[in-house]
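Inspection log for the structure reproduced underneath, given as structure tokens.
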Amino acid sequence: MNFLSRLTGSFAMPAAENPTVAMVEAAYRHHDLDWRYINCEVPPESLADAVVGAKAMGWAGFNCSLPHKVAVIEYLDSLGQSAELMGAVNCVVRRDGKWIGENTDGKGFLCSLQEHVDPAGMRIVMFGAGGAARAISVELALAGADQITVVNRNRERGQVLAELLNGDVRQQSPAGFSAEFVEWSGDYSLPEDTDVVINATSIGLYPDVDARLALDLDSLTDKMIVADVIPNPPKTNLVKDATTRGCRVIDGIGMLVNQGVTGIEYWTGVRPDASVMRAALEDIFSG
Ligand code: NDP
């Protein structure tokens, strides 16, 4: 008999609307793991105490979301390769008594994409240059993408990301990788040789569900794979438009599920069944 569950969870603020707890606990139940995932609202000034508390209570690790993804780094022992390159952590893992910061956002995206295609050698157009875009583009470059065009409204943010990709990231990527920045004004027309199109902006996120990317839809062809990071609602206008044009489409639930799969595997050693986790999220988003 053992009444002591293993503990994991999340530190964020706000936390109430984050559905990750439902998805992770569905996986724990499905795999008969006596583990818990506790969703905690932690303000910035309490992050240090929260991490000390998790260590004292023997947690196996935790996710951290906004606004803690950068601030948490000073409380950790070391970082995984991509978290180090991104300068952001969303998943902390206790390994041999050390607290290691990982970033599973980009890995989750990569897993979703790899279900359709190997990104090695691909030419990618990515809209956005915020945290999600940074995580996705670093992983794609490390996975051997040929080229990433960062299309962003804010020039400075876009340039900073392209410089990161062409600098430290390129040094650790397979030969030949390059990135370029394009300032986003008016409808963007996709180059004909684009293999993968990614919306990594917050356009389309609930409640702004009618929003549309400034994109020349006639430049979308059925040879392109189109991925959207927005999990709620998963059927964004981009997902609908790309489906209508015959593209292969990846929605934002896939990324959310797969980053959870990676986190659970880091903590428990068990690779969970993604379909159980996806069903838990679909239940929530359809309700
Ligand atoms: P950030 O605030 O860091 O970045 C937002 C990005 O969206 C910026 O590039 C911003 O451009 C762009 N943007 C926002 N509104 C517009 C607009 N009207 N027109 C053009 N560009 C716009 O957010 P994150 O990167 O952290 O998150 C982005 C999205 O990714 C969120 O909606 C989040 O839900 C989703 N996400 C999904 C995950 C998943 O697992 N499915 C995981 C993580 C995030 P600019 O720089 O010009 O302001």
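Numbers here are sequence positions counted from 1. Start at 1 and go down the list; that is how both ligands and their atoms are numbered. Treat the numbers as computed from the prediction; the structure is a model and nothing was measured.
In this structure, the separation between OG on Ser5 and CG on Leu33 is 11.0 Å, given to the nearest 0.5 Å. Atom CZ of Arg134 sits about 12.5 Å away from atom OG of Ser82, to the nearest 0.5 Å. Atom CG of Asp222 is separated from atom SG of Cys247 by 7.0 Å, given to the nearest 0.5 angstrom.
Near Gly128, meaning under 4.0 Å from one of its heavy atoms, ligand 1 places the atoms 9 (O). Counting the atoms of ligand 1 from 1 in the order shown, those under 4.0 Å from a heavy atom of Gly131 are 3 (O), 24 (P), 25 (O).
For atom 33 (C) of ligand 1, no protein heavy-atom neighbour is found at a distance under 4.0 Å. There is a protein heavy atom closer than 4.0 angstrom to atom 7 (O) of ligand 1.
For the side-chain contact (heavy atoms from CB on, under 4.5 Å) with Leu205, the lone residue among Ile230, Thr236, Val229 that qualifies is Ile230. Each of Val151, Val196, Ile148, Val182 was scored for a side-chain contact (heavy atoms from CB on, under 4.5 Å) with Val125, with one residue passing: Val151.
The shortest N or O to N or O distance between Ala200 and ligand 1 is not under 3.5 Å. At least one N or O atom of Arg153 sits closer than 3.5 Å to an N or O atom of ligand 1. The shortest N or O to N or O distance between Ile230 and ligand 1 is not below 3.5 Å. Where the criterion is an N or O separation shorter than 3.5 Å, residue side chain and backbone included, Asn152 meets it with respect to ligand 1. Considering both main-chain and side-chain atoms, Gly252 comes within under 3.5 Å of ligand 1 through a nitrogen or oxygen pair. Checked against a 3.5 angstrom limit, the closest N/O atoms of Arg157 and ligand 1 fall inside it. Considering backbone and side-chain N/O of Ile203, none are found under 3.5 Å from N/O of ligand 1.
Within a 6.0 Å radius of CD in Glu192, no more than 12 heavy atoms belonging to other residues, nucleotides or ligands are found. In this structure, Arg36 places its CZ atom where only 12 or fewer heavy-atom neighbours from other residues, nucleotides or ligands lie under 6.0 Å away. Other residues, nucleotides and ligands place more than 12 heavy atoms under 6.0 Å from the NZ atom of Lys55. Around CD of Glu45, the count of heavy atoms belonging to other residues, nucleotides or ligands within 6.0 Å exceeds 12.
Of the protein's heavy atoms, Ala132 N, 3.7 Å lies nearest to atom 24 (P) of ligand 1. Among all non-hydrogen protein atoms, the one lying nearest atom 29 (C) of ligand 1 is Thr201 O, 3.6 Å. Protein heavy atom nearest atom 47 (O) of ligand 1, with residue, atom name and distance: Asn154 N, 2.8 Å.
Of the options Ile136, Val229, Leu66, Leu205, the smallest heavy-atom separation from atom 35 (C) of ligand 1 is shown by Val229. For atom 14 (C) of ligand 1, the nearest non-hydrogen atom from the set Ala211, Gly254, Ala227, Ser202 comes from Ser202. Nearest to atom 4 (O) of ligand 1 by heavy atom, out of Gly158, Ser65, Gly130, is Gly130.
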>> Before you tell me yes or no, could you show the steps for Asp193 and Arg123 under salt bridge (Lys or Arg N to Asp or Glu O under 4.0 Å), namely the whole-Å CA-CA distance, both residues' side-chain angles and the distance that decides it to 0.1 Å?
In response: CA-CA 7 Å; Asp193 61 356; Arg123 301 175 71 78; 2.9 Å; yes
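Contacts between Trp184 and ligand 1, counted as non-hydrogen atom pairs separated by less than 4.0 Å, involve the side chain only. Proximity of Asn232 to ligand 1, defined as any heavy-atom pair under 4.0 Å, is not found for any part of the residue. Only the side chain of Asp105 comes within contact range of ligand 1, with a heavy atom under 4.0 Å; no backbone atom does.
At least one heavy atom of Ala129 sits less than 4.0 Å from an atom of ligand 1.
The cationic atom of Arg94 (NZ for Lys, CZ for Arg) does not lie both less than 6.0 Å from the six-membered ring centre of Tyr266 and within 45° of the ring axis. Figure legend: Arg6 and Trp35 shown as a cation-pi pair, the cationic atom lying under 6.0 angstrom from the six-membered ring centre and within 45 degrees of its axis.
Taking the ring centroids of Phe285 and Tyr206, they lie at or beyond the 6.0 Å cut-off.
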